[in-house]
Number of protein chains: 2
Amino acid sequence: MTAVSAVDNGVNVDALLGARDALTESPEGAQFTWRATNEWVRGTHSQATVQGFYGLGQEQRHKITVTFDADHPEVFASEDHGVTPVEYVLVGLGACLTAGVAAVAQNRGIQLNSVKAVVEGDMDILGILGGDADVRNGFNGVTVRYEIDADASLQDIEALVAQSQKRSAVFDVVTNPTNVNVEVTKA
Amino acid sequence: MTAVSAVDNGVNVDALLGARDALTESPEGAQFTWRATNEWVRGTHSQATVQGFYGLGQEQRHKITVTFDADHPEVFASEDHGVTPVEYVLVGLGACLTAGVAAVAQNRGIQLNSVKAVVEGDMDILGILGGDADVRNGFNGVTVRYEIDADASLQDIEALVAQSQKRSAVFDVVTNPTNVNVEVTKA
């Protein structure tokens with residue numbers, strides 16, 4: 001047993017590297033489709049459900065089905081039955097980067113003790129309100145502030161986070177454009 | 001009472017239009033900061049909390065504090081303690097577009113009866129696994145399929161969805177680039 005193998009962040013790096021090799025050989029298995037359904041409740045309140053996804057050549061299913069409420073807050077004259085849609089994006093961004101930090105730390109033999117992040121998105125709501133055509137609807141910018149306790153130097157910890165950014169799906173979605181195709185049928 | 005005023009989708013359009021006018025006069029109140037915290041649990045499992053945000057010139061608070069679990073699924077050699085980070089983005093996208101559909105319908109005097117959407121994001125996971133440098137980490141594309149029952153023609157329903165896209169914060173975040181600044185401190 002080496003010193004590296006004693007590090008345990010709970011990430012199975014061997015399995016991930018094995019999956020990479022296997023999927024490089026059989027790239028059709030690497031084609032995933034992630035899915036959420038959304039159903040309007042009333043006003044700006046809706047409920048989303050996440051259960052199944054497609055990958056490894058077949059339909060897959062999460063262990064449990066989770067329902068998420070989304071709404072606008074009372075300061076938008078709504079009833080605040082759930083967090084806002086943009087906050088869900090921030091939840092996803094923080095979770096994606098943190099999972100990456102853990103995986104990279106495991107791969108580099110760095111023991112993590114605690115990882116905390118505050119993810120903030122600045123927005124001028126005159127955009128979504130249609131009050132100023134020069135203001136974008138989304139975030140003007142996003143800031144993620146990590147505070148990490150690990151058995152490593154600050155420089156090595158910074159390198160973990162940098163590598164996580166390089167491999168993060170949600171970081172890519174937020175920082176780069178993605179085509180969204182919207183189809184409508186009448187029920 | 002006009003026919004339009006009898007339409008009730010639960011959105012207070014008058015208040016929103018009033019807010020737009022007031023914030024156009026006092027644009028500093030329109031500067032919002034949305035926030036989520038993220039805390040690593042173990043492996044790729046983390047928990048996010050959404051509670052406060054800044055807007056209308058002061059700190060605000062949701063009526064309830066919500067905690068969200070995120071993880072990778074078992075097919076990624078993880079324990080599936082929550083939905084994946086990218087699924088949170090799909091949850092946010094669907095919720096944002098649906099809230100917009102309800103608000104626009106109210107403004108146009110169209111009664112909604114039901115609004116359902118399936119939001120799907122296609123991803124080649126050889127990107128995040130580092131198996132192919134030509135594959136992006138994020139979605140190759142996203143599709144949103146709406147099925148809407150409303151007292152209106154298909155053409156008018158399609159126009160509702162199109163207008164919602166034009167004013168959607170998350171649609172903007174996904175389709176356009178946003179700068180993300182990541183800072184790291186050692187605890």
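So you know, we letter chains A, B, ... as the sequences are listed, proteins then strands, and number each from 1.
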*Same hydrophobic cluster for A/Phe139 and B/Val86, using side-chain heavy-atom links shorter than 4.5 Å among ILVMFWY?*
yes
*B/Arg20 bridged to A/Asp132 by N-O distance under 4.0 Å*: no
*Taking every non-hydrogen atom, the tightest pair across B/Ala77 and A/Ala15*: CB-CB, 3.4 Å
_Contact class of A/Ala105 relative to chain B, heavy atoms under 4.5 angstrom_ = neither
*Measure the spacing between CH2 of B/Trp40 and CG of A/Asp149 and express it to the nearest 0.5 Å.*
10.0 Å
_Contacting moiety of A/Leu160, where chain B heavy atoms sit under 4.5 Å_ = neither
_Using side-chain heavy atoms (C-beta onward) and a distance below 4.5 Å, is A/Arg42 in contact with B/Asp8?_
yes
*Which region of A/Asn113, side chain (C-beta onward) or backbone (N, CA, C, O), has a non-hydrogen atom less than 4.5 Å from a non-hydrogen atom of chain B, or is it both or neither?*
backbone
_Quick check on A/Thr37 against chain B: is it the side chain, the backbone, both or neither that has a heavy atom closer than 4.5 Å?_
both
*Does the distance from a Lys or Arg side-chain N to an Asp or Glu carboxylate O, for A/Asp80 and B/Arg61, drop under 4.0 Å?*
no
*At a heavy-atom separation under 4.5 Å, does A/Ile128 approach chain B through its side chain, its backbone, both, or neither?*
both
*asked:* What part of A/Val180 gets within 4.5 angstrom of chain B, counting heavy atoms only: side chain, backbone, both, or neither?
replied: both
*Identify the two heavy atoms, one from B/Leu90 and one from A/Ala36, that lie closest to each other, and give their separation to 0.1 Å.*
CB-CB, 4.0 Å
*Take B/Phe32 and A/Phe76 through the ring-ring contact (aromatic ring centres under 6.0 Å, His included) test and state the conclusion after the steps.*
CA-CA 12 Å; B/Phe32 274 59; A/Phe76 285 13; 5.5 Å; yes
*Could you look at A/Thr24 and say if it's the side chain, the backbone, both or neither that has a heavy atom under 4.5 Å from chain B?*
both
_Contact class of B/Val91 relative to chain A, heavy atoms under 4.5 angstrom_ = both
*With a 4.5 Å limit on heavy-atom distance, are the side chains of B/Pro73 and A/Trp34 in contact?*
yes
*Identify the heavy atoms of B/Ala169 and A/Met123 that sit nearest to each other, and give their distance.*
CB-CE, 3.8 Å
*Is there a donor in the side chain of A/Arg136 and an acceptor in the side chain of B/Thr178, or the other way round, less than 3.5 Å apart?*
yes
*A/Tyr54, part contacting chain B, at a heavy-atom distance under 4.5 Å*: neither
*Can you say whether A/Val66 sits under 4.5 Å from chain B via the side chain, the backbone, both, or neither, judging by heavy atoms?*
side chain
*Nearest-0.5 Å distance, OH of residue A/Tyr88 to CZ of residue B/Phe68*: 4.0 Å
*Tell me, side chain or backbone of A/Ala152 under 4.5 Å from chain B's heavy atoms, or both, or neither?*
backbone
*Distance from B/Phe53 atom CZ to A/Glu120 atom CD, nearest 0.5 Å?*
13.0 Å
*Portion of A/Thr49 that has a non-hydrogen atom of chain B nearer than 4.5 angstrom*: neither
*Please flag which part of A/Ala48 lies under 4.5 Å from any non-hydrogen atom of chain B: side chain, backbone, both or neither.*
side chain
*Rounded distance (nearest 0.5 Å) linking atom OG1 of B/Thr44 with atom CG of A/Asn12*: 10.5 Å
*Using a distance-only test with no angle check, is there a side-chain donor-acceptor pair under 3.5 angstrom linking B/Thr33 and A/Asp122?*
yes
_Engaged part of A/Gln60 at the chain B interface, taking heavy atoms whose separation is under 4.5 Å_ = side chain
*Distance from B/Lys116 atom NZ to A/Thr185 atom OG1, nearest 0.5 Å?*
11.0 Å
*Nearest heavy-atom neighbours spanning A/Gly92 and B/Pro85*: O-CB, 3.3 Å
*Okay, side chain of A/Asn137, backbone of B/Lys166: is any donor-acceptor separation there less than 3.5 Å?*
yes
*From CD (A/Gln155) to NZ (B/Lys186), nearest 0.5 Å*: 11.5 Å
*asked:* Can you confirm whether the side chains of B/Glu74 and A/His62 place a donor and an acceptor under 3.5 Å from each other?
replied: no
*asked:* Less than 4.5 Å to any heavy atom of chain B: does that hold for the side chain of A/His72, its backbone, both, or neither?
replied: side chain
